[in-house]
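I have placed the structure first, in the form of C-alpha cells, so that the comments after it can refer back to it.
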Amino acid sequence: MSHVARCDYRRVRKAVFPVAGLGTRFLPATKTVPKEMLPVVDRPLIQYAVDEAIAAGCDTLVFVTNRYKHAVADYFDTAYELEQRLARAGKDDLLELVRNVLPSHVRAVFVTQAEARGLGHAVLCAKPVIGDEPFAVLLPDDLIFSRSAGALAQMITLASEASAGVIAVQDVPREQTASYGIVDAPSFSGAHGRIQSIVEKPKPELAPSTLAVVGRYVLPPEIFAQLEKTTPGSGGEIQLTDGIAALLPHQPMLAYRFDGRRFDCGSRIGLVEATIQFALEHDDLAEEARRYMRAALEQADAEQSV
Ligand code: UTP
C-alpha cells in the first residue's frame, strides 16, 4: 500500500445527496415529480435521508441536482406564504413541521450536475463544497428503517474507530448481483470487514460475493482524485464503485452490515413495502392500515380462488 495520511473521520460534517438521476423506473410520475420527492406516508424520501444525516451529526447538506429538480430546492426553502397562513390560523403543530424540514443549524447547498453522467460523476460535482474533508454520501432512494441509531450514525462511529472509509452493505440473493455494486471482504469479523475489491453490477457467476452495496458511504476526500480519472464503466456511466475500487490500494475501506432494514425505494415494490412498514409505525395509522391490509388480502385471495 502506498503511503497516504489517514483521514480523520471523527468530523464528518458534510453529506452529499445525489438527486440528479432520471428516475425512469417511476415514469410517468417522475416526468414532473423527482423520485426523491415521492412520499412514504407523509414525508418525501429526501426528508428521511436528510434526517438520518442530521442525526449522524452532519450540518452541511450538499444536494447534487439538475435543472428539472426545482422541487427539491423549493422543499428546503422557506415557504413564507404557507407559514403565514398556518401562523394566522394558529396551526402551530403544522407550522413546526413545515419549519423543521431543516433545523436552523443546518445549511443546504445546491450544486448542479448538468448531465446525468452517473453516480460517480454526481459525487464529483460536490467536490468544491466538500474540499479536503471526509464526507458522507446518502442515496435517498435507499430508505433505511432503524429502531436504534440511524445507519449513517453507525457508519461514522465505525469510521472514526477504525480510521477507515465505510460502505454500507447487505446480503442479497446471488441472482441479484447484477443490480448492485458487490464487494469482496473476506476477513469479515462481526459486522464489518476490510474491502479487498469492489465491482459494479457483476453477473451472478462472476460476482466475488453476495455482499451488495447499499446507498450509504463514508468516504475520504481522496475519492475525488480517483473519480477525476475514472472513465465511463457499467451502463456508460461514471461509477462511484470504480472510483472506490481505484482508491482501495491507497485507503482502507470497510464494508459494514448496518443494523436496520433497507427499502429500495428506487423500485416500485420497495416504495410499496416502505409505505406499509412506515404506516405500521405511525401510532395514528397503524390500526387502520392493518385492518385495510387484512381485508384487502382476504378479498384478493377470495377473488383468486374463484
Ligand atoms: P439510479 O441508479 O437509481 O438511477 O441512481 P436513477 O436515474 O435515479 O433511476 P432509474 O434507474 O432511472 O429509475 C442512484 C442514485 O444516484 C443518483 C440518483 O439520483 C440516485 O439517487 N444519480 C444517478 C445522480 O445524481 N446522477 C446520475 O447521473 C446518476
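The analysis underlying the following values was restricted to heavy atoms, covering all of them including side chains, and did not include hydrogens, waters or symmetry mates. Remember, it's a predicted structure, so these values are computed and weren't measured experimentally. Start at 1 and go down the list; that is how both ligands and their atoms are numbered.
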Discussion item. Contact between Ile144 and Arg216 at the side-chain level, heavy atoms closer than 4.5 Å - yes or no?
Written reply: yes
Item to complete: Assess His121 for proximity to ligand 1: is some non-hydrogen atom of it under 4.0 Å away?
Response: no
Item to complete: Enumerate the atoms of ligand 1 whose separation from the nearest heavy atom of Asp141 is less than 4.0 angstrom.
Response: 3 (O), 20 (C), 21 (O)
Practice prompt. Determine whether more than 12 heavy atoms belonging to other residues, nucleotides or ligands lie under 6.0 Å from atom CD of Glu228.
Written response: yes
Discussion item. Does any N or O of ligand 1 fall below 3.5 Å from an N or O anywhere on Ala20, backbone included?
Written reply: yes
Worksheet item: Would you say Asp132 has more than 12 foreign heavy atoms packed within less than 6.0 Å of its CG?
Response: no
Worksheet item: So is Glu237 close enough to ligand 1, meaning a heavy atom under 4.0 angstrom away?
Response: no
Worksheet item: For Gly21, is at least one N or O under 3.5 Å away from an N or O on ligand 1?
Response: yes
Item to complete: May I ask you to check whether Phe26 has an N/O atom sitting below 3.5 Å from an N/O atom of ligand 1?
Response: no
Worksheet item: In the protein, which heavy atom is nearest to atom 28 (O) of ligand 1, and how far is it?
Response: Gly118 N, 2.7 Å
Worksheet entry | For atom 8 (O) of ligand 1, closest protein heavy-atom neighbour | Lys35 NZ, 2.7 Å
Discussion item. I want to know if ligand 1 touches Leu139 in the polar sense, i.e. an N/O pair below 3.5 angstrom.
Written reply: no
Practice prompt. Identify which one of Ser160, Ser163, Pro221 satisfies the side-chain contact (heavy atoms from CB on, under 4.5 Å) criterion when paired with Cys7.
Written response: Pro221
Worksheet item: Is it the case that Arg107 places NZ or CZ above or below the six-membered ring of Phe76, under 6.0 angstrom from the centre and within 45 degrees of the axis?
Response: no
Item to complete: Could you check if a side-chain atom of Ile195 sits within less than 4.5 angstrom of a side-chain atom of Asp184, using non-hydrogen atoms only?
Response: no
Fill in: Per-atom contacts, ligand 1 versus Glu36 - under 4.0 Å to a heavy atom
19 (O)
Fill in: Flag for Gln277-Glu273: side-chain donor and acceptor within less than 3.5 Å
no
Worksheet item: Parallel, tilted or perpendicular: which describes the rings of Phe17 and Phe63, with under 30° parallel and over 60° perpendicular?
Response: parallel
Worksheet item: Will you find, in the side chains of Tyr75 and Gln47, an N or O donor that is under 3.5 Å from an N or O acceptor?
Response: yes
Worksheet item: What do we get for Ala122 next to ligand 1 when only non-hydrogen atoms under 4.0 Å count, side chain, backbone, both or neither?
Response: side chain
Discussion item. I'd like to check which ligand 1 atoms, numbered from 1 as shown, lie under 4.0 Å from a non-hydrogen atom of Arg117.
Written reply: 28 (O)
Worksheet entry | Min N/O separation Arg25 to ligand 1 under 3.5 Å | yes
Item to complete: Identify, for atom 26 (N) of ligand 1, the protein heavy atom at the shortest distance, and state residue, atom and that distance.
Response: Gln113 OE1, 2.7 Å
Practice prompt. Run the contact test for Gly23 against ligand 1 with a 4.0 Å cut-off on heavy atoms, strictly below, and give the result.
Written response: yes
Worksheet item: For ligand 1, which atoms sit closer than 4.0 Å to a heavy atom of Ala116?
Response: 28 (O)
Worksheet item: Regarding Arg262 and the six-membered ring of Phe145, is the cationic atom NZ or CZ under 6.0 Å from the ring centre and inside 45° of its axis?
Response: no
Item to complete: Decide whether an N or O pair under 3.5 Å exists between Leu22 and ligand 1.
Response: yes
Discussion item. Please find the pair of heavy atoms, one from Ala20 and one from Gln113, that lie closest to each other, and give the distance.
Written reply: CB-OE1, 3.1 Å
Discussion item. Main chain of Gly23, side chain of Thr30: is a donor-acceptor contact present, judged purely on distance under 3.5 Å?
Written reply: yes
Practice prompt. Measure the distance from atom 17 (C) of ligand 1 to every protein heavy atom, then report the residue, atom name and distance (to 0.1 Å) of the closest one.
Written response: Pro18 O, 3.6 Å
Response to the item:
Closest to atom 16 (O) of ligand 1 by heavy-atom distance, out of Leu119, Thr24, Asp142, is Leu119
